[in-house]
Amino acid sequence: MKGDKDTLRIIPTFSIILTLLGLFGLVIFFYTFYKSELNQAIYKSVLTQAKNRLRYTTSSYELLLKKERTLNLEDSKEEIKEEVKNAWVIANSIYHFCKKRRCRDETIKLLIKNALQNYKFFNGLGYIFIDKVKGKVVLNPAYPQIEGKSMWNWKDLKGKFVHREFERIVLYSPNGEGFITYYWYKPNSKEVDKKISYIKLFKPYNWIIGGGVYYSQIRERIKRHAFCVGKAINAFIYDPSSQKEKPDILKGLKPEDLRKGVFVYTKDRLYYLKLYPEWNWIVGSYISKSEMVKDTFYLQKEFLTKADKIIVSTSAIILLIITLSSFALFSYNRKLAESIKELKEKEGKLVKLTRNLKIIAYKDDITGLPNSKKLIEDLSKIDPSKNIHFALINIRNFKELNELFGFDDGNKILKAFAQNLKREVKKLCKNCIIYRIRGNKFGVLSCNLNDTQFIELIEKIIQKLENHEFEVNNIKFKLDVIAGISKNRDNPLIEAEMAEEEAKKRDFKLYVFDKELENKFKKLEENLKIAILLKDALEKDKVIPFFQPIVELKSLKVVKYEAVMRVETPEGILNPGQFLEVAKKMSIYKKLSKSVLEKAFKKCAETGIDISVNLSTEDLASENMVNWIISRLEEYKIAEKVCFEVVETEAFSDLKILENFYRRIKDIGALLAIDDFGSGYSNYEYLATVKPDIVKIDGSLISKISSSKEVEKLVRHIVTFCKDLQIKTVAEFISSKELYEKAKEIGIDYGQGYYFGKPSPEIKSELEV
């Protein structure tokens, strides 16, 4: 027994000694082996740093290209604007110089035309054109054959009436000038390109002076400048459109590699190359192998000397630590093994639980199909090069069935429908995936069919589903099925839902998301953007009134100011035409209305001016809003200085509401005006019934009183009718002296429009006439 115990003591001791000797031998081995490994590590480090540097340099140049594109576009627009303004100054100088010398207008026009005939800018690519406001071409150096012809009814490739847009900008934009984009023929070519122009009103002859360049010309200038910048910083640049021979380093490279970025080794250099997709350039940077060898040499010299000392001292410390730790590790080894075994068992249970939770999260409870979360994950994993098609299939008559049979049987119908849908889809397309999106809406996803194949697939599935007979509680019935299809991987669910709604509206079985729905989608995005701007403006108190003078036509004296709503945003000033519809849908219109009315009332109380403010049917129909308005008028003591304008089409839609409001404001001395009269019902009977204080004749009529005898007669009739009822009249949209004189001659009491002054945040006591 004693011998056995001694053996037991010797064996562990001998094992420990052998272990320590083996470990020490390993330390010595690693010490001698370390230098060669360190050399390799240094080389790999130098190579990694070189690659990172090349990636960074290339990324920096890509960012430079993007910034260059943005800045150059803005610079080009500014250049166009300055050149047009210079041309306008030339024309204005000639006009005033000749007028002082009493030259005839025809002579002045000819001088201006000759002066601007050869005016060039943008490296000789841009030219100045002159049109009359109503469309007649006065000067077009690029297409002299159209001079003297009217372009009023001309549309570009996108269907835009270009010259009508010219008129809108110069007559209704601040300072009578602004940018416009449209599609126009390139000089000496039948090719059409997108053009950006800047136009400015030349009032003496009612001309539009403008100039512009094509987007392709701007792009070429940007690319030339960017190419020069790239060469200056020693970047690699290859433009396939330059018709130069393809460099050897690019031969054999795949487009998908260039899109991601690829390293290329040559005899003397290491390149990093990447595709810049906006211009189809291949850009990159390089480093010479001699530089890398030099860096490796210096690192080896510096590092190995220190490493020798560190290795010796570290080896000794490691040996000591190993010796001391071996005894402790020996005793803890068994416990550690048991702990590892226990952890592995728990890990297995955790993996199983995670898998089950994932299945529950991505699986629909009722049908067992994947849900919308799984659809989103699947879409993110599909190869970007594959065509995506998604159909949203809806049981149109499910609501009625659910109400008839109840929720439990409704769920059974959904489950049976899901099984039938899955069976029919798998017969026709084995690679398609079926989902339950929500409620009675299901999805079918494909990534290996073309448009025609997928549409035919969904048509067949709808037919099969509608032919299938279901039975609940001994009642047999068939389902009414419709579908919407999207071909876009970014928003397939939204687009398919919009297409399905369109199918429902048009009573189609199937509708594919098209350009029309895309425009609606873009409109929704625009409305969402405006909604965010409106909420932000309300929070930051950026809803403000602009004031436009209303003038007595006989005396040309300002009698009051119309306070119109404007919203200040980071993207500029918004007018009601841009946001009113969105505001009403969001139910924040009343907040906007209160904000602008409060500020207008306060300005009226502070300055003593008479003001006119706009109200909508929403304002009139709200008893709380009307009470608030009355209370503010009484608190500021300004009722006799305020006139409330209501648009004709809204005013006469509910006569009782209007009469109640008019009675309440009349009791405290405020006035009522019917706005835009002549644009809607033109209901003289209602006008006679309500008898407002003022009628504002719509600008669409006023703008034609000097050019249309019929419109003039209609306006005269309105004025005569109002005079008989002792109602004052206001002519809206007076934009010229001719319209002012005509409105005064007809007998209209007051006038309002850009001829007298544009809406401004400040009250201007002097007219702009």
Side-chain angles (χ1 to χ4, degrees), residues 68-88 90-91 112-113 116-202 207-226 241 278-280 515 519 522 572:
E68 181 72 22
R69 184 178 62 184
T70 303
L71 292 176
N72 233 312
L73 180 60
E74 293 302 318
D75 290 345
S76 299
K77 289 176 70 176
E78 192 61 33
E79 181 181 339
I80 295 167
K81 181 178 178 180
E82 288 302 317
E83 295 295 346
V84 171
K85 286 190 173 183
N86 288 342
W88 186 91
I90 291 170
I112 293 172
K113 186 175 175 182
L116 300 180
Q117 177 79 33
N118 296 314
Y119 191 106
K120 299 288 184 182
F121 59 94
F122 207 81
N123 296 331
L125 299 173
Y127 59 88
I128 298 297
F129 62 82
I130 303 174
D131 296 345
K132 290 186 176 181
V133 170
K134 289 301 178 183
K136 191 173 181 181
V137 178
V138 177
L139 172 66
N140 194 308
Y143 291 93
Q145 63 269 28
I146 67 171
E147 291 180 7
K149 296 180 180 179
S150 175
M151 301 298 286
W152 180 254
N153 292 318
W154 183 79
K155 293 190 290 186
D156 70 358
L157 288 181
K158 299 293 183 180
K160 180 189 287 186
F161 285 97
V162 176
H163 211 282
R164 298 182 190 184
E165 190 67 14
F166 280 7
E167 183 193 49
R168 185 190 66 76
I169 291 171
V170 300
L171 294 183
Y172 304 114
S173 297
N175 302 322
E177 58 188 283
F179 282 102
I180 179 173
T181 57
Y182 53 95
Y183 288 82
W184 185 250
Y185 295 95
K186 287 185 176 180
N188 304 317
S189 171
K190 292 183 179 181
E191 184 182 352
V192 176
D193 190 14
K194 189 176 182 183
K195 185 173 185 180
I196 181 167
S197 295
Y198 192 82
I199 56 176
K200 184 173 177 65
L201 179 65
F202 186 66
W207 281 358
I208 297 171
I209 296 179
V213 296
Y214 296 92
Y215 266 82
S216 59
Q217 296 168 343
I218 295 174
R219 283 196 299 270
E220 286 304 316
R221 185 163 82 168
I222 293 171
K223 287 168 74 172
R224 284 196 300 272
H225 188 259
S241 63
E278 281 80 357
W279 297 338
N280 201 30
K515 195 71 177 176
N519 293 335
K522 288 180 180 177

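All values derive from a computational prediction rather than experimental measurement.
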Closest contact, heavy atoms only, S197 versus G212: OG-CA, 3.6 Å
Euclidean distance, I199 CD1 relative to E177 CD, rounded to 0.5 Å: 10.0 Å
Min side-chain heavy-atom separation Y214-K194 under 4.5 Å: no
Y215 and T181: side chain donor to acceptor below 3.5 Å: no
Test log, rule salt bridge (charged side-chain N to carboxylate O under 4.0 Å, His left out), inputs R168 and E165: CA-CA 5 Å; R168 185 190 66 76; E165 190 67 14; 2.6 Å; yes
Exercise: identify the closest heavy-atom pair between I169 and F179: CD1-O, 3.6 Å
Main-chain N/O of L125 paired with N123 side-chain donor or acceptor, under 3.5 Å: no
Test item: F202 and I130 side chains (from C-beta on) under 4.5 Å apart, heavy atoms: no
Within 6.0 Å of NZ in K120, more than 12 heavy atoms from elsewhere: yes
Pairs under 3.5 angstrom only: tabulate donor-acceptor contacts from the side chains of residues 133-147 to other protein residues two or more places apart or in another chain.
| residue | atom | partner | partner atom | Å |
| --- | --- | --- | --- | --- |
| K134 | NZ | E167 | OE2 | 2.8 |
| N140 | OD1 | A142 | N | 3.3 |
| N140 | OD1 | Y143 | N | 3.0 |
| Y143 | OH | K186 | O | 2.4 |
| Y143 | OH | S189 | O | 3.3 |
| E147 | OE1 | K113 | NZ | 3.1 |
| E147 | OE2 | N140 | N | 2.9 |

Test item: Y198 and E83 side chains (from C-beta on) under 4.5 Å apart, heavy atoms: no
Close side-chain approach of F122 and I218, heavy atoms under 4.5 Å: yes
A87 to I209 - nearest heavy-atom pair and separation: CB-CG2, 4.3 Å
Derivation of the side chain to side chain contact (heavy atoms under 4.5 Å, CB included) call for I80 and F121: CA-CA 8 Å; I80 295 167; F121 59 94; 4.2 Å; yes
F166 and Y182 aromatic ring geometry - parallel, tilted or perpendicular at 30°/60° bounds: perpendicular
Parallel, tilted or perpendicular: rings of F129 and Y127 (30°, 60°): perpendicular
Nearest-0.5 Å distance, CD of residue Q117 to CD1 of residue I128: 12.0 Å
Nearest heavy atoms of Y183 and D156, plus distance in Å: N-OD2, 3.1 Å
Shortest non-hydrogen contact between V162 and I180, atoms and distance: O-CD1, 4.1 Å
D131 side chain to H163 backbone, donor-acceptor under 3.5 Å: no
